[in-house]
Amino acid sequence: MTRNRLRQWAALDTTSGALLLIAATIAVVWANSPWRDSYSSLLQTEIGPEALHLHLSLAHWASDGLLAIFFFVVGVELKHEFVAGSLRDLKLAGVPIAAAVGGMVTPALCYVVVVAAGDPDALRGWAIPTATDIAFALAVLAIFGRGLPLPLRTFLLTLAVVDDLLGIVVIATFYTDEIDFVMLVGAIAVVAVFAVLVRQRWQLWPLLIPVGLLAWGLMHASGVHATVAGVLLGFTVPAVAIRGEKLPRTERLDEAVRPYSAAIALPVFAFAAAGVTVIGGEGTIVQPVSIGIVLGLTVGKLVGVLGSTWLMTRFTPLRLPDAIGIRDLLPIGMLTGVGFTVALLIAELSFEGGSDDHAAAAKAAILAGSVIAAALAAVLLRWDARQVRDADMNRDDIPDVNRDVIGG
């Protein structure tokens, strides 16, 4: 396989989802094997320069370091969608934006109701079930949704992108204890330098890497979660073609960085975060925290997404795209319950330095809830794919099979 073909393969939705699943499976098996101590010791191994306050554990490097690459891709994708993509036109983006908000509020309420009654000390984890894993959700849709109308993928992508944006705001706002404003201002200043450099001729592109690393380091030192630096850097990339180029730089950088995010950053983080010990571990996995998370991911997400969509299409001028109706969004609503990457990150931030029992229960619940949501969505997607062959779901006298379809 040539280098270009390997990069293209790594950037596929299906590849990203498969690698995430494999990494998480290895972590869970290892963490529940007789060699579980070696898994824990590996993640606790510390490396990095002490003088720069970056002598961190491998687990910390995975969540704060490698995951910043993923969030840079998210930032680039957000910038492109806001300027030239599906979020540019509020009439088209209004419904999935509302669905994203509903899909975050309802799971949080589910968690709070369950945990407040049984374990109020764990309320800090309210944001865990609000996240949607864009890579995993799109992978499931790509595999099981072949033949379905393409607007379903656009709806899910728009919803997940907005979900990621809101998740970043939640992380930066609610999971930052102390802020060193000198370091934060320094990080923002370096991001501004990056913004200038990324608009120059491509001959200067090697400078983007050290400048980006400096912005990340300063953001980490400020106390704000370092992944926020990745998003801010991504937002600075021009989303329209400049200097006579045929493609906007958001597309070029997305194409350049996404394979590393999908094939390295996300799987390594999943390996480091998903290894919860269930067999032979201390404490109990079934507790209000885990019940609240599973309920939020499997029920709260679905109710929030479909309920918000119904309200918007019923009481506002906003409408869904042609070829899809609210019933078609049932598997999409289930797919938003695949929390995984960002949910695991929020779980670590929620219970960092706190109860290991809570952290283990939260991670186990994220894995269980995500698997349940993905499995139910897969079944529904295949059912709909078989039914849609001669269907006219929006009753416009044009068979939906004649439209652009997923995998077509």
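Note that the structure is predicted; figures quoted are calculated from it, not measured. The first residue of the sequence shown is numbered 1, and numbering continues consecutively from there. Below, all heavy atoms of this structure are taken into account, side chains as well, without hydrogens, waters or symmetry copies.
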Donor-acceptor contact present, side-chain [X] to main-chain [Y], <3.5 Å:
| X | Y | answer |
| --- | --- | --- |
| Thr236 | Leu233 | yes |
| Thr173 | Val170 | no |
| Thr316 | Met312 | yes |
| Gln200 | Val196 | yes |
| Lys79 | Val237 | yes |

Which residues share a salt bridge (charged side-chain N to carboxylate O under 4.0 Å, His left out) with [X], sequence neighbours left out:
| X | answer |
| --- | --- |
| Arg124 | Asp177 |
| Asp254 | Arg258 |
| Glu245 | Arg249, Arg252 |
| Asp163 | Lys301 |

Residues two or more places apart in sequence or in another chain: which of them pass side chain to side chain contact (heavy atoms under 4.5 Å, CB included) with Leu197? Val193, Leu207, Leu208, Val211
Is it true that Trp310 and Phe315 have ring centroids separated by less than 6.0 Å? yes
Are the ring centres of Phe235 and Phe72 closer than 6.0 Å? no
Is the count of non-hydrogen atoms from other residues, nucleotides or ligands lying under 6.0 Å from Arg243 atom CZ greater than 12? yes
State whether a side-chain donor-acceptor pair under 3.5 Å links His358 with Asp121. no
Do you see a donor-acceptor pair shorter than 3.5 Å between the side chains of Asp180 and Ser222? no
side-chain contact (heavy atoms from CB on, under 4.5 Å) with Phe136: which of Thr341, Leu141, Leu266, Leu21? Leu21
Report the residue from Ile188, Val191, Val190 that forms a side-chain contact (heavy atoms from CB on, under 4.5 Å) with Leu218. Val190
Residues that Ser38 engages under side-chain hydrogen bond (donor to acceptor under 3.5 Å, both in side chains), provided they are two or more places apart: Trp30
